[in-house]
2 protein chains.
Amino acid sequence: METAKRKRLEAKGWKVGDAAEWLKLAPEEAAYIELKLSLCRALRERRIRKKLTQQDIARILGSSQSRVAKMEAGDPSVTLDLLVRSLLALGSPKKKLEHALLQV
Amino acid sequence: METAKRKRLEAKGWKVGDAAEWLKLAPEEAAYIELKLSLCRALRERRIRKKLTQQDIARILGSSQSRVAKMEAGDPSVTLDLLVRSLLALGSPKKKLEHALLQV
DNA sequence: TGAAATTATGTCGAATATGATATAATCTAA
DNA sequence: TTAGATTATATCATATTCGACATAATTTCA
């Protein structure tokens with residue numbers, strides 16, 4: 001992995017192992033991250049379409065604006081569980097969720 | 001919710017709120033749990049198909065037999081993240097994973 | 001049968017995610 | 001431009017999940 005990209009990921013909080021480890025875990029790790037990011041995008045798109053602020057969403061979810069921001073940003077501290085539960089709570093249509101999940 | 005069922009869920013570790021909260025959260029909570037369970041089943045089916053023990057899977061995942069058992073059992077201490085990463089690590093065929101995830 | 005293998009359950013310290021808060025950065029209209 | 005609104009980032013205490021271990025329950029098969 002090129003150094004610059006690794007630095008960027010590490011700065012964001014992603015754990016990046018050594019070259020061998022990266023090569024070994026890359027496929028499933030990449031798929032996992034891709035899945036998360038697609039759900040993040042789905043969440044943001046859904047909010048934008050409804051013309052709601054992150055604060056609004058936070059209220060609906062019983063969370064905070066900062067966490068909603070992290071969800072949308074794909075922060076590594078955000079779990080698939082939180083993303084999926086949030087999308088469901090926002091009444092995300094099955095199709096939308098499908099579309100995101102299909103990008104795995 | 002009927003008392004018996006609630007008792008069963010609580011005994012298993014599931015958080016069950018009061019009636020109002022239950023009614024409010026039921027749909028998405030149910031969908032979330034169903035989603036998890038479908039991934040649990042996918043994991044077990046995949047292991048059985050490969051004729052591997054939970055111990056084998058634990059080694060592959062760098063985890064423990066007890067956690068694999070909990071994954072397959074749909075224990076509430078198991079996250080979607082762990083399930084998805086496990087399925088990916090086991091080389092879950094794309095279609096299989098999608099199918100499981102799409103049961104939302 | 002019953003011993004060995006496999007799976008299930010309970011518990012724990014450590015690791016990680018959470019909502020909350022503060023505040024910085026960015027965007028939006030006027 | 002600039003004030004107000006919105007979003008991003010940093011940090012924290014708390015809560016939850018993790019792998020590990022012990023051990024119980026169940027299954028397998030000779």
Side-chain angles (χ1 to χ4, degrees), chain A residues 7-17 25 28-29 32-33 35-37 39-41 43-90, chain B residues 7-17 21 25 29 32-33 35-37 39-41 43-90:
Chain A
K7 278 295 191 304
R8 249 180 293 130
L9 287 174
E10 286 176 341
K12 287 275 185 174
W14 296 103
K15 297 262 178 74
V16 180
L25 296 178
E28 55 260 30
E29 261 303 287
Y32 167 66
I33 293 177
L35 171 58
K36 270 177 74 165
L37 292 182
L39 294 182
C40 295
R41 283 191 291 270
L43 189 66
R44 161 161 274 172
E45 282 163 14
R46 184 152 190 80
R47 176 177 66 82
I48 300 297
R49 169 153 356 155
K50 287 186 167 186
K51 298 190 192 304
L52 297 175
T53 67
Q54 292 180 344
Q55 186 62 257
D56 295 332
I57 300 297
R59 266 188 284 269
I60 294 171
L61 300 179
S63 182
S64 60
Q65 177 268 324
S66 66
R67 185 133 299 273
V68 174
K70 281 163 185 164
M71 283 194 235
E72 293 186 354
D75 189 281
S77 79
V78 173
T79 61
L80 279 179
D81 297 71
L82 184 60
L83 287 167
V84 167
R85 282 191 282 107
S86 297
L87 284 167
L88 291 170
L90 294 181
Chain B
K7 279 293 190 301
R8 247 180 295 131
L9 287 175
E10 285 175 341
K12 288 273 185 174
W14 295 102
K15 296 262 177 72
V16 180
E21 187 186 345
L25 297 178
E29 261 302 289
Y32 167 66
I33 293 175
L35 173 57
K36 270 176 72 165
L37 291 183
L39 294 184
C40 295
R41 282 191 293 270
L43 188 66
R44 160 162 275 173
E45 282 164 14
R46 183 146 193 83
R47 177 176 66 83
I48 299 297
R49 181 182 312 273
K50 289 187 167 187
K51 300 190 190 303
L52 297 175
T53 68
Q54 292 180 345
Q55 186 63 256
D56 295 332
I57 300 297
R59 267 189 284 268
I60 293 173
L61 300 178
S63 182
S64 60
Q65 176 268 325
S66 66
R67 185 134 300 273
V68 174
K70 280 162 187 166
M71 284 194 236
E72 293 186 355
D75 188 281
S77 79
V78 173
T79 61
L80 278 180
D81 296 72
L82 184 60
L83 287 168
V84 167
R85 283 190 282 108
S86 296
L87 284 168
L88 290 172
L90 293 183

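Just so we're clear, the structure is a prediction, and the values are computed from it rather than from any experiment. Order of the sequence lines sets the chain letters (A, B, ...), proteins ahead of strands, with each chain counted from 1.
- The phosphate of dA8(D) has OP1 or OP2 within less than 4.0 Å of a side-chain N or O from Gln54(A).
- Sorted by first then second residue, the salt bridge (charged side-chain N to carboxylate O under 4.0 Å, His left out) pairs that include residues 75-87 of chain A, not counting sequence neighbours, number zero.
- Annotation: side chain to side chain contact (heavy atoms under 4.5 Å, CB included) contacts of Ile33(A) (sequence neighbours excluded): Trp14(A), Glu29(A), Leu37(A).
- The interatomic distance linking Ile57(B) (CD1) with dA20(D) (P) rounds to 15 Å, in whole Å.
- The distance between atom NZ of Lys50(A) and atom P of dT6(D), rounded to the nearest whole Å, is 17 Å.
- Taking atom CG of Leu61(B) as the reference point, atom C1' of dC18(D) lies 13 Å away to the nearest angstrom.
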Which atom pairs link the protein and nucleotides 25-30 of chain C when you take only N or O atoms and keep those under 3.5 Å?
none

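- The side chain to side chain donor-acceptor pair (under 3.5 Å) search around Arg47(A) returns Glu72(A), not counting sequence neighbours.
- In this model, the phosphate group of dA8(C) is approached by a side-chain N or O of Arg44(B) to a distance below 4.0 Å at OP1 or OP2.
- Rounded to an integer number of Å, the gap from CD of Gln55(B) to C1' of dT23(D) is 15 Å.
- Taking atom CZ of residue Arg59(A) and atom P of nucleotide dA20(C), one finds them 12 Å apart after rounding to whole Å.
- Residue pairs meeting the salt bridge (charged side-chain N to carboxylate O under 4.0 Å, His left out) criterion with at least one partner in residues 62-71 of chain B, sequence neighbours excluded, are absent.
- Going from atom CG of Leu43(A) over to atom CG of Leu61(A) covers 7.5 Å, rounded to the nearest 0.5 Å.
- The one candidate from Leu88(B), Leu87(B), Leu82(B) that meets the side chain to side chain contact (heavy atoms under 4.5 Å, CB included) condition with Val84(B) is Leu88(B).
- For the pair Lys51(B) NZ and dT28(D) P, the interatomic distance rounds to 13 Å; values are reported in whole Å.
- For Gln65(A), the side chain to side chain contact (heavy atoms under 4.5 Å, CB included) criterion is met by Gln54(A), Gln55(A), Ala69(A), not counting sequence neighbours.
- Residues of residues 62-73 of chain A that place a heavy atom closer than 4.0 Å to DNA chain D, in numerical order, are Gln65(A), Ser66(A), Ala69(A), Lys70(A).
- Axis angle across the helix from dT1(C)-dA30(D) to dA30(C)-dT1(D), with five pairs used at each end and values rounded to 10°: 60°.
- Partners of Ser66(A) under the side chain to side chain contact (heavy atoms under 4.5 Å, CB included) rule, at least two apart in sequence or in another chain, are Ser64(A).
- For the pair Asp81(B) CG and dA15(C) C1', the interatomic distance rounds to 14 Å; values are reported in whole Å.
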Exercise for the section: Would you please test Ile60(B) and Leu52(B) for side chain to side chain contact (heavy atoms under 4.5 Å, CB included) and show each step? Expected result: CA-CA 11 Å; Ile60(B) 293 173; Leu52(B) 297 175; 4.2 Å; yes
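- Looking at Thr79(A) and Thr79(B), their side chains never come closer than 4.5 Å, going by heavy atoms from C-beta outward.
- Atom-to-atom, CG of Leu82(B) to C1' of dT16(C) comes out at 13 Å; the value is rounded to the nearest Å.
- Within the structure, salt bridge (charged side-chain N to carboxylate O under 4.0 Å, His left out) contacts touching residues 55-65 of chain A (residues at least two apart or in different chains) are Asp56(A)-Arg59(A).
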